[in-house]
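Structure, as structure tokens:
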Amino acid sequence: MKKQVPLLITFLTGFIVIVSFFVPHRPFGILETQVLTWYAIIFGFTMLIGVDSLIRLHVRKTQRRKKGWWYSIVFFAGFLYCFVTGVISLIRTSNPFSPGTVFFYGYRTILIPLQSTMFALLAFFIASASYRAFRARNIDATFLLIAAVIVMIGRVPAGYKLWPRLPEVANWILNVLQMGPMRGVMIGIALGAVAMSLRLILGIERTYLT
Amino acid sequence: MFFLLIFSFSISAKDTPNDAGGSITVSTYNIPHYTERIELYRKVKGDTLYKEAGLISLYKGEFDDTLAVAGESYLYRARAITKDTVYIAMTEEFVSSSPQWFNKSRTAVLLFIVIFGSFVFVFIQLAKKNPEGLFIRRLPAIDAIDEAVGRSTEMGKPVLFIPGIEYITDAGTLASITILQRVGKKVAEYGTRIIHANFDPVVMTAAQETLKTAYAEAGRPDAFNKDDVFYLTSEQFGFAAGVDGIMERERPGAIFLQGYFYAESLILAETGYSIGAIQIAGTNATTQLPFFVAACDYVLMGEEMFAASAYISREPRLLGSIKGSDLTKSILLGLIGIGVTFGTVASLLKQAGNPAYMEIFNKVLDFLAMGAR
């Protein structure tokens, strides 16, 4: 019973979504929207589970004075700030993200710069990963290095100055040499995803029910 | 202003095809030069007055009247307004909308699903009869799981598992749960700690249950620590920062990056590399694959992730579905080859003055691309 009910729900939901993809007539078109609404409602409640897990984790970390426990204090401060200002802003303006609210002020001046900083770090990580990937250790890596140099130089004005046809060569590498294998991988992924979906709907794949 | 009724500017209205009703498409023809805007009005059968329906896009020359009620009949009138003239056009017959039982634009998709489903079904039956007859090539990334967990155990370090930053609805996330089961079992056997940080609370719950079962199957249910499977945040870079912090503090010996990733993939993989962990990645995000190939020791590329459950379990029904998918892929490759050859020949014949084959080719393309519109 513990497995049969979820399998039945999965089958019915999958069946409804597939049928409504092909049949626009009522009630199928509406059923798909309703299933998605149900998912949104369930997702909302699962956030509570997430918050509960997060708070428990940091409480335990602080109590046991685990390594780096003081970061948990930063978490509690941030959580409290977001929760209190979020509720106040919601009551006052009905949308916490409205410009001028205390919540939005924190979002704009703390969270966005922090996220931008993390994103900016990517440039350094790309440099270090490229250095390793482009080392000419064997013939394959040498081809990769040559292609990468052509593409990188061909994408900047200096490349055009060096040889006016270099951007064309770079584009050819991107649009022909690179595109073929990439499409192959994409077709494989799409077919794999469809096969996996079929396995889930038909109840063949049950790992998620363990 | 001159109000002119001219015959060159005209409109037509028809029930919008392939929908649930409640929409009528109005098309314009011969829009006068220098038209600033086209106003559309409609009249319900029985009414005397036209009411405003909206503005027709000058770029598309079409308007979908989605406020039309299914079953009601309408007459349309359009006013194309230029700087000094108003051109008027109207429909001559009443039009009504009705819901359709089948979306014809998706015929090609249905055909594909039927063929694909049939192959999967046939191969599942074959696999049931002869499970040994189906061969699946080696997946080094899956084989390396034992090595990675073993290495972590020898070093006395934990194992870190990241299931990507997509939700449980993503196929890649579900595939990562399958791989987690195998990792969990090995971790339980070796008595190593596993840390599982999550982006989505639902994935967290599924991961907790999966690991719990894996520990039970390994005969060590008491060793499972639910607190090691936790929710971090649903903010992309907040999650990346959190996982990087865990890597720096806990120094895991093995890191599994399995699931759908975005721009944070390289941030995670490079941090993992910097702490000297053995890294096994797997993703169905094509844009992130090169980053993982550059920074990780083993990578499950795209569809390999979806084949992992069959590879691990060797369950005939799962193996059959992989074989069915492979055959469909082979047929698609063949069709692509035939299509490219036929299209090239048709193009050459068209240049030589025989456009018939190009027309056939375009019709086939139109049929296949219908659903994408």
Side-chain angles (χ1 to χ4, degrees), chain A residues 18 21-26 28-30 39 42-43 46-54 56-57 60 67-68 71 111 114-119 121-122 124-126 128-130 132-133 182 184-200 202 204-205 207-210, chain B residues 18-20 99-103 106 110 116-117 120 124 169 171 174-175 177-178 181 201-202 204-206 209-210 213 227 230-232 234-238 240-241 245 249 263 266-267 269-270 284 286 289 291 293-295 301-303 305-307 309 317-318 321-322 324-325 328-329 332:
Chain A
I18 289 178
F21 182 76
F22 294 106
V23 181
H25 204 289
R26 282 168 184 259
F28 296 102
I30 295 170
Y39 175 74
I42 294 166
F43 180 77
T46 58
M47 280 310 288
L48 292 176
I49 302 172
V51 171
D52 172 66
S53 155
L54 198 58
R56 276 172 196 268
L57 177 84
R60 226 167 285 123
K67 192 180 173 186
Y71 294 123
L111 198 67
L114 283 173
Q115 289 189 335
S116 306
T117 308
M118 280 308 291
F119 187 52
L121 282 176
L122 193 59
F124 299 101
F125 287 128
I126 287 177
S128 61
S130 305
R132 283 203 314 281
M182 189 56 97
V185 173
M186 282 164 77
I187 289 171
I189 289 175
L191 286 177
V194 174
M196 178 116 184
S197 307
L198 274 178
R199 292 202 298 264
L200 286 167
L202 298 175
I204 299 169
E205 177 81 62
T207 326
Y208 70 104
L209 289 174
T210 47
Chain B
N18 306 317
D19 69 353
Q100 275 87 58
W101 278 105
F102 181 65
N103 186 342
R106 289 170 179 170
L110 181 66
F116 185 62
V120 170
I124 285 174
T169 45
L174 287 165
I177 298 280
T178 307
Q181 196 186 28
V202 185
M204 178 193 79
T205 316
E209 290 300 312
T210 305
T213 313
D227 295 340
F230 51 87
Y231 169 75
L232 211 53
S234 296
E235 287 288 337
Q236 182 188 15
F237 290 106
R249 285 191 300 278
L266 193 64
I267 297 176
E270 275 298 282
N284 50 334
T286 45
L289 274 173
F291 294 134
V293 171
M301 288 176 68
E303 61 184 316
M305 268 192 92
F306 302 121
S309 59
R317 290 192 304 173
L318 292 173
S321 73
I322 302 292
S325 161
T328 312
K329 197 162 62 180
L332 275 180

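Lettering of chains follows the sequences in order, A, B, ..., and the numbering in each one begins at 1. In what follows, every heavy atom counts, from backbone to side chain, and hydrogens, waters and symmetry copies are set aside. From a predicted model like this one, the values you see are computed outputs, not experimental measurements.
- In this structure, A/Val185 and B/Leu289 have side chains that are in contact, with non-hydrogen atoms separated by less than 4.5 Å.
- For B/Asp19, the part lying near chain A is the backbone, with the side chain staying farther off; criterion is any non-hydrogen pair under 4.5 Å.
- Side chain of B/Thr213 to main chain of B/Glu209: a donor-acceptor pair is present (N/O by atom type, distance under 3.5 Å, no hydrogens or angles).
- Per-residue heavy-atom pair counts under 4.5 Å with chain A were compared for B/Val120, B/Leu318, B/Leu332, B/Val202, and the maximum is reached by B/Leu318.
- The CE atom of A/Met186 sits 11.5 Å away from the CG atom of B/Asn284 when rounded to the nearest 0.5 Å.
- In this structure, the portions of A/Ser128 lying under 4.5 Å from any heavy atom of chain B include both its backbone and its side chain.
- Proximity of a side-chain donor or acceptor of A/Ser53 to a complementary backbone N or O of A/Ile49 within less than 3.5 Å is not detected.
- Proximity to chain B involves both the backbone and the side chain of A/Ile204, based on heavy atoms less than 4.5 angstrom apart.
- In terms of the ring-ring contact (aromatic ring centres under 6.0 Å, His included) criterion, B/Tyr231 has no residue partners (sequence neighbours excluded).
- For chain B, the nearby part of A/Ile187 is the side chain; its heavy atoms alone come within less than 4.5 Å.
- For A/Arg26, the part lying under 4.5 angstrom from a heavy atom of chain B is the backbone only.
- Within the 4.5 angstrom heavy-atom criterion, only side-chain atoms of A/Arg60, from C-beta onward, approach chain B.
- With values rounded to the nearest 0.5 angstrom, B/Ile322 atom CD1 is found 6.0 Å from B/Ser309 atom OG.
- For chain B, the nearby part of A/Leu198 is the side chain; its heavy atoms alone come within less than 4.5 Å.
- Between the side chain of B/Gln100 and the backbone N or O of B/Asn18 there is at least one donor-acceptor pair closer than 3.5 Å.
- For A/Val194, the parts lying under 4.5 angstrom from a heavy atom of chain B are both the backbone and the side chain.
- Residues A/Val23 and B/Trp101 are in side-chain contact: their nearest non-hydrogen atoms beyond the backbone lie under 4.5 Å apart.
- Neither the backbone nor the side chain of B/Ala269 comes within less than 4.5 Å of any heavy atom in chain A.
- The distance from the CG atom of A/Leu122 to the CD atom of B/Glu270 is 10.0 Å, given to the nearest 0.5 Å.
- Heavy atoms closer than 4.5 Å to chain B are found in both the backbone and the side chain of A/Phe21.
- The parts of A/Met47 that come within reach of chain B are both its backbone and its side chain, each placing non-hydrogen atoms under 4.5 angstrom from that chain.
- For A/Leu202, no part lies near chain B; criterion is any non-hydrogen pair under 4.5 Å.
- Of the listed residues (B/Ile124, B/Thr205, B/Asp227, B/Thr169), the greatest number of heavy-atom pairs within a distance under 4.5 Å of chain A belongs to B/Asp227.
- Of all the listed residues (A/Ala133, A/Ser116, A/Gly192), the one sharing the greatest number of non-hydrogen pairs under 4.5 Å with chain B is A/Gly192.
- Under the ring-ring contact (aromatic ring centres under 6.0 Å, His included) criterion, B/Phe116 pairs with B/Phe112, sequence neighbours left out.
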